[in-house]
Amino acid sequence: MIKSIKGTRDILPDEVGAWHRVEQAAHQLFSRYGYREIRTPIFEETQLFARGIGADTDIVAKEMYTFPDRDEEKTSLTLRPEATAGIVRAVIEHNLYQTDPALKVYALGPMFRRERPQKGRYRQFHQVDVEAFGMERPSIDVEIIQLALDYLRACGLTESQLILNSVGDAKCRPAYVETLRSALRAHKDRLCADCQRRTETNPLRVLDCKVPEDQAIIESLPKISDHLCAECRDHFAEVRRELGLLEIPYELSHRLVRGLDYYTRTTFEVTSAALGAQNSVLGGGRYDGLVRDLGGPDLSGIGFALGMERLVMLIPPGPQESRCDAFLAVLVPRAFDRALLIQHDLREAGVRVLVDHEARGLKSQMKKADKLGARYVAIMGEDELADDVWTVRDMTTSTQERVSDVKLAEYIEEKMRGRDAG
RNA sequence: GUGGGUGUAGCUCAGUUUGGUUAGAGCGCCAGGUUGUGGCCCUGGAGGUCGCGGGUUCGAAUCCCGUCAUCCACCCCA
């Protein structure tokens with residue numbers, strides 16, 4: 001049997017309702033904040049991600065789905081592992097920053113990373129991505145954070161925690177990284193093997209090491225908050241002041257470092273314990289150098305990405321939804337002809353109507369109508385056919401009455417309207 | 001890439017320790033109990049290469065080896 005490939009999965013009809021809820025919440029809420037949807041291709045030139053995300057990151061070094069195009073030059077293509085790079089490319093390519101007075105966009109869609117699958121982690125996964133460009137002031141950081149939290153609440157997620165940090169900028173971070181590295185070298189022998197390696201490759205990552213024996217050392221390391229330059233310190237202070245003003249609770253963590261190279265200043269993450277080890281639902285931050293690094297103008301940016309699989313796992317299940325309003329149950333072939341004619345009238349009137357295509361007994365048709373959540377079942381057998389009427393059963397009250405064939409569509413529409421209004 | 005758990009009916013699982021008739025249950029599905037009426041109940045039915053391959057044995061779902069899949073964790077990340 002051919003099965004879906006490792007790390008991919010089918011979102012089956014029973015599950016799709018939850019996906020629709022989070023998608024609709026996104027469209028609705030984001031537009032209230034002035035964000036508009038953008039749709040970029042799911043594959044790009046490999047170069048875009050290598051330059052944008054950082055060639056030394058795990059994503060680029062070993063997790064990308066990269067393949068040659070079928071052209072003479074053998075252009076290298078990559079399925080997007082995240083959304084920001086593609087969006088930035090589009091912003092630059094179409095000069096959006098020159099024409100859009102408030103460049104605020106969001107995107108929904110699949111991303112691809114070749115990682116070992118785990119709880120809430122797939123090789124094809126879906127993200128909601130929100131980005132704002134060209135705004136320097138800390139208030140946009142706060143707006144983005146508020147939007148993220150509003151969105152999670154709109155989706156019905158109640159148990160979550162906001163974690164906040166500042167990772168400095170191109171002026172102050174490199175110096176801090178060196179300070180950190182020196183401090184780590186002093187403890188080298190007592191660190192776990194991974195952290196000894198990270199000390200040289202990416203010292204910031206040592207900060208979120210989970211090995212218990214390393215924790216005491218990590219706590220004693222110099223903190224980025226003490227090494228920010230004046231501008232970064234002021235920026236972060238204002239972000240915190242505004243979060244306080246808006247009464248948005250958060251936990252400060254000098255150990256929150258983001259995985260992608262492009263982040264500057266404000267970084268944040270929302271976690272939920274219900275997700276297991278993959279506890280991050282949403283992560284984001286500012287990336288003031290990225291647009292320029294990708295060949296655009298010196299345009300600041302800030303945004304977040306949210307894992308939709310993880311979100312869907314967390315939100316309360318919706319009610320079992322009815323799949324039809326009216327079910328036409330027929331017992332003789334000529335009645336079936338009437339059903340075929342009338343079902344189209346009903347559908348044009350917006351009524352969800354189904355018939356049984358298997359010509360089974362009435363009991364079995366009733367059963368099916370019930371399972372589909374039909375509110376009304378219109379029955380036509382020999383008796384009704386003779387009088388040119390339907391017996392219409394209201395499945396919630398178990399009452400029924402006879403309605404002439406020509407009036408059936410109108411009758412059900414009427415009933416449906418009455419219910420919707422009531 | 002590394003470590004561990006689990007693979008038996010459409011789904012959730014029992015049976016594996018101590019090898020032994022036609023491999024079970026619940027749910028779901030189909031039919032009947034009602035000459036033309038759903039839910040609840042009762043009865044019956046369909047549905048299984050016991051992940052796959054090899055080995056041990058008179059005999060393997062059960063023991064051994066290999067392999068694949070899947071889940072969880074590490075690395076890393078949404």
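Sequence lines set the chain letters: A, B, ... in the order given, protein chains first and strands last, and positions in each chain run from 1. Only this structure's heavy atoms are used, side chains among them; waters, hydrogens and symmetry mates stay out.
Between the N165(A) side chain and the S253(A) main chain, a donor and an acceptor come within less than 3.5 Å of each other. The backbone N or O of S280(A) sits less than 3.5 Å from a side-chain atom of R310(A), completing a donor-acceptor pair.
At a cut-off of 3.5 angstrom, the base of C76(B) holds at least one donor-acceptor pair with the side chain of R121(A). Counting distance only, with no hydrogens placed and no angle test, the side-chain atoms of R310(A) and the base atoms of C77(B) include a donor-acceptor pair under 3.5 Å.
Relative to the side chain of E63(A), the nucleotides C76(B), A78(B), G3(B) differ in distance, and C76(B) lies closest. Distances were taken from every side-chain heavy atom of S280(A) (C-beta onward) to each of C75(B), C74(B), A78(B); the shortest belongs to A78(B). Side-chain proximity of R116(A) to C75(B), U2(B), C77(B): nearest is U2(B).
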Report task. Report, as a single string ordered 5' to 3', how protein heavy atoms within less than 4.0 Å touch nucleotides 28-38 of chain B: B base, S sugar-phosphate only, - not at all. Result -> -SSS-B--BBB

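In RNA chain B, the stems built from three or more successive Watson-Crick or G-U pairs (distances below 3.5 Å) are B:1-7 with B:68-74, B:10-13 with B:24-27, B:29-33 with B:41-45, B:51-55 with B:63-67.
When the C1' atom is compared between U56(B) and C65(B), the two are found 11 Å apart, to the nearest whole Å. Rounded to the nearest Å, the gap between the P atom of C42(B) and that of G26(B) is 11 Å. The C1' atoms of A78(B) and U2(B) are separated by 23 Å, rounded to the nearest whole Å. Taking atom P on both G28(B) and C41(B), the two are 9 Å apart, rounded to the nearest angstrom. Comparing the C1' positions of G10(B) and U62(B) gives an interatomic distance of 25 Å, to the nearest angstrom. Comparing C29(B) with A69(B), their P atoms are spaced 33 Å from each other, to the whole Å. Separation of the P atoms belonging to G5(B) and G48(B) is 32 Å when rounded to the nearest angstrom. Rounded to whole Å, the P atom of U8(B) lies 9 Å from the corresponding atom of C13(B).
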Query raised in the report: When you look at Y33(A) and V130(A), which way does the side chain to side chain contact (heavy atoms under 4.5 Å, CB included) test go after all the steps?
Result: CA-CA 11 Å; Y33(A) 276 77; V130(A) 178; over 6 Å; no

Query raised in the report: T66(A) and T78(A): side chain to side chain donor-acceptor pair (under 3.5 Å), yes or no, with the steps?
Result: CA-CA 4 Å; T66(A) 295; T78(A) 292; 2.8 Å; yes

Report task. Just do the side chain to side chain donor-acceptor pair (under 3.5 Å) check on S139(A) and E242(A) with the steps written out, would you? Result -> CA-CA 7 Å; S139(A) 53; E242(A) 291 181 21; 4.5 Å; no

Query raised in the report: Do Y106(A) and Y35(A) pass the ring pair (Phe, Tyr, Trp, His ring centres under 6.0 Å) test, and can you show the C-alpha distance, the side-chain angles, and the key distance before you say yes or no?
Result: CA-CA 6 Å; Y106(A) 70 94; Y35(A) 291 76; 7.6 Å; no

Report task. Before giving the answer on side chain to side chain contact (heavy atoms under 4.5 Å, CB included), spell out for I218(A) and L207(A) the whole-Å C-alpha distance, their side-chain angles and the decisive distance to 0.1 Å. Result -> CA-CA 6 Å; I218(A) 292 169; L207(A) 298 176; 4.2 Å; yes

Report task. Give the intermediate values and the outcome of side chain to side chain contact (heavy atoms under 4.5 Å, CB included) for residues T266(A) and I144(A). Result -> CA-CA 11 Å; T266(A) 312; I144(A) 283 270; over 6 Å; no

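As rounded to whole Å, 13 Å separates atom P of A78(B) from atom OH of Y287(A).
In this structure, G7(A) and K62(A) both approach RNA chain B, and ranking their closest nucleotides by distance from the 5' end singles out G7(A).
Salt-bridge annotation for R338(A) and D388(A): present, with a side-chain N of the basic residue lying under 4.0 Å from a carboxylate O of the acidic one.
G276(A) comes within contact range of the sugar-phosphate backbone alone, with a heavy-atom separation under 4.0 Å but no base atom that close. Residue contacts for Y122(A): at a heavy-atom cut-off of 4.0 Å it reaches a base atom on one of the strands shown.
Under 3.5 Å, the side chains of D169(A) and H235(A) contain no donor-acceptor pair of N or O atoms.
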